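Contents: one structure, followed by commentary.
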Amino acid sequence: MQLETTRLLIRDFIETDLDAVYAYGSDPEVVRYMVFPPSTLDGTREHIARCMALANEQPRRSYDMGIVLRSTGTIIGGITLGMLEHADNEAAFSYLLNRAWWGQGYATEALAEMLRFGFVQRGLQRIADSCDSENIASARVMEKCGMRLEREEDDERCYVMTASDYQQLHGSHSCM
């Protein structure tokens with residue numbers, strides 16, 4: 001599967017992505033706010049194999065994909081849209097971007113495309129996720145894409161977008 005934006009391809013991982021995925025997944029600063037530690041090479045290899053296996057499941061419930069620069073074919077990060085098990089039409093997302101590509105709008109562009117995919121192509125009714133309260137950059141990415149702060153508790157900010165929110169914003173809201 002592959003999605004396209006102006007500057008990016010979002011596609012399923014392949015085995016040859018190992019070095020690029022390890023480069024960002026093993027960077028302590030990149031995973032600073034994640035619930036998992038920096039990846040090992042073996043852990044990255046297992047992650048890619050798991051993503052490839054999940055891509056073949058029917059019905060597909062997890063889209064754990066690479067973010068690739070269209071201009072060079074370089075993998076600069078990963079993004080996931082995963083259907084929630086307790087709700088048929090709801091999903092959560094996450095993303096990681098190689099630090100060399102921070103601050104250039106790529107995370108916002110990738111998330112905007114995954115939101116479009118989730119609402120338009122998958123017919124989802126709700127997409128939500130959270131970030132550490134100190135992770136201002138991730139909060140800004142979600143806000144730029146039109147997600148709204150649903151609640152803030154302890155050290156976490158929870159953002160949400162519904163299908164009706166997306167429909168209201170579509171065409172009149174730019175995520176760039």
Side-chain angles (χ1 to χ4, degrees), residues 1-27 29-31 33-34 36 38-39 41 43-83 90-124 127-129 131 135 137-147 159 161 163 166-167 169-171 173-176:
M1 189 182 118
Q2 181 170 289
L3 304 171
E4 295 184 28
T5 70
T6 304
R7 302 180 297 166
L8 303 173
L9 297 176
I10 300 171
R11 62 155 174 80
D12 289 322
F13 284 112
I14 54 177
E15 289 177 7
T16 56
D17 295 334
L18 178 66
D19 291 339
V21 175
Y22 177 67
Y24 66 79
S26 65
D27 183 337
E29 189 62 23
V30 170
V31 299
Y33 297 110
M34 303 306 281
F36 51 84
S39 186
L41 189 56
T44 303
R45 193 174 285 112
E46 290 170 10
H47 171 71
I48 290 173
R50 188 172 45 255
C51 293
M52 291 170 59
L54 288 170
N56 291 318
E57 286 188 346
Q58 294 299 325
R60 187 167 180 178
R61 299 201 40 89
S62 181
Y63 298 84
D64 198 334
M65 306 172 80
I67 302 171
V68 181
L69 288 179
R70 287 179 68 161
S71 61
T72 64
T74 304
I75 293 240
I76 63 169
I79 189 163
T80 301
L81 183 69
M83 307 310 126
E90 294 187 28
F93 64 88
S94 66
Y95 52 85
L96 289 175
L97 205 60
N98 185 307
R99 201 175 353 162
W101 304 101
W102 287 2
Q104 299 175 51
Y106 293 119
T108 304
E109 190 171 329
L111 179 57
E113 178 59 15
M114 288 305 270
L115 291 170
R116 186 205 63 75
F117 170 73
F119 290 120
V120 175
Q121 290 183 247
R122 281 299 313 259
L124 297 174
I127 299 174
D129 212 357
C131 68
N135 192 348
S138 267
R140 274 301 291 140
V141 165
M142 290 184 270
E143 291 166 359
K144 283 182 195 177
C145 287
M147 298 188 80
Y159 285 85
M161 180 177 275
Y166 184 83
Q167 289 171 351
L169 294 173
H170 185 68
H173 179 78
S174 173
C175 290
M176 299 300 156

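Remember, predicted model here, so these are calculated numbers, not experimental data.
- Residues Leu97 and Tyr24 share a closest heavy-atom pair of C-CB, 4.4 Å.
- The shortest non-hydrogen separation linking Ser138 to Tyr95 is OG-OH, 3.2 Å.
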#### Entry: Phe117/Met1 under side-chain contact (heavy atoms from CB on, under 4.5 Å): CA gap, chis, key distance, verdict
CA-CA 12 Å; Phe117 170 73; Met1 189 182 118; 3.6 Å; yes
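- Ser39 and Ser26 share no side-chain donor-acceptor pair at under 3.5 Å.
- Ser94 is linked by a side-chain hydrogen bond (donor to acceptor under 3.5 Å, both in side chains) to nothing, counting only residues two or more places apart in sequence or in another chain.
- Take Val31 and apply the side chain to side chain contact (heavy atoms under 4.5 Å, CB included) test, not counting sequence neighbours, and it matches Met34, Phe36, Pro38, Leu96.
- For the pair Leu115 and Ile127, the minimum side-chain heavy-atom distance is below 4.5 Å.
- Looking at residues two or more places apart in sequence or on another chain, you find a salt bridge (charged side-chain N to carboxylate O under 4.0 Å, His left out) between Glu29 and Arg32.
- Residues Ala91 and Leu81 share a closest heavy-atom pair of CB-CD1, 3.7 Å.
- Atom CE of Met65 and atom CZ of Phe13 lie 9.0 Å apart (nearest 0.5 Å).
- The main-chain N or O of Gly77 is never found under 3.5 Å from a side-chain atom of Trp101 such that the two would form a donor-acceptor pair.
- Closest approach of Ala128 and Met147 over heavy atoms only: CA-CE, 4.3 Å.
- Checked against side chain to side chain contact (heavy atoms under 4.5 Å, CB included), Ser71 has the following partners two or more places apart in sequence or in another chain: Leu69.
- A search for side-chain hydrogen bond (donor to acceptor under 3.5 Å, both in side chains) contacts involving Asn98 returns nothing, not counting sequence neighbours.
- The salt bridge (charged side-chain N to carboxylate O under 4.0 Å, His left out) test applied to Glu4 returns Arg70, not counting sequence neighbours.
- In this structure, the side chain of Thr80 does not engage the main chain of Gly82 through any donor-acceptor pair within 3.5 Å.
- For Arg122, there are no salt bridge (charged side-chain N to carboxylate O under 4.0 Å, His left out) partners two or more places apart in sequence or in a different chain.
- Arg60 is linked by a salt bridge (charged side-chain N to carboxylate O under 4.0 Å, His left out) to Asp12, counting only residues two or more places apart in sequence or in another chain.
- Among all heavy-atom pairs drawn from Ala110 and Leu8, the shortest one is N-CD1, 3.9 Å.
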When the side chains of residues 15-23 are checked against the rest of the protein, which donor-acceptor pairs come out under 3.5 Å, sequence neighbours left out?
unit_1: Asp17; atom_1: OD1; unit_2: Arg11; atom_2: NH2; d: 2.9
unit_1: Asp17; atom_1: OD2; unit_2: Arg11; atom_2: NH1; d: 2.8
unit_1: Asp17; atom_1: OD2; unit_2: Ile14; atom_2: N; d: 2.9

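- Taking Ala137 as the reference, Asn135 meet the side chain to side chain contact (heavy atoms under 4.5 Å, CB included) condition, with sequence neighbours excluded.
- Here the OH-NE2 distance, from Tyr166 to His170, works out to 5.0 Å after rounding to the nearest 0.5 Å.
- In terms of heavy-atom proximity, Met161 sits nearest to Cys145 at CE-O, 3.1 Å.
- For the atom pair SG of Cys131 and CE of Met142, the computed distance is 3.5 Å after rounding to the nearest 0.5 Å.
- Proximity of a side-chain donor or acceptor of Glu109 to a complementary backbone N or O of Arg7 within less than 3.5 Å is detected.
- Under the ring pair (Phe, Tyr, Trp, His ring centres under 6.0 Å) criterion, Tyr159 pairs with no residue at all, not counting sequence neighbours.
- In this view, Glu113 and Leu3, Thr5, Ile10, Arg116 satisfy the side chain to side chain contact (heavy atoms under 4.5 Å, CB included) rule, not counting sequence neighbours.
- Side-chain contact check for Leu124 versus Met83: some heavy-atom pair is nearer than 4.5 Å.
- Here CD1 of Ile67 is found 11.5 Å from OH of Tyr106. Values are rounded to the nearest 0.5 Å.
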#### Entry: Verdict with supporting geometry, Val141 and Lys144, side-chain contact (heavy atoms from CB on, under 4.5 Å)
CA-CA 5 Å; Val141 165; Lys144 283 182 195 177; 5.9 Å; no
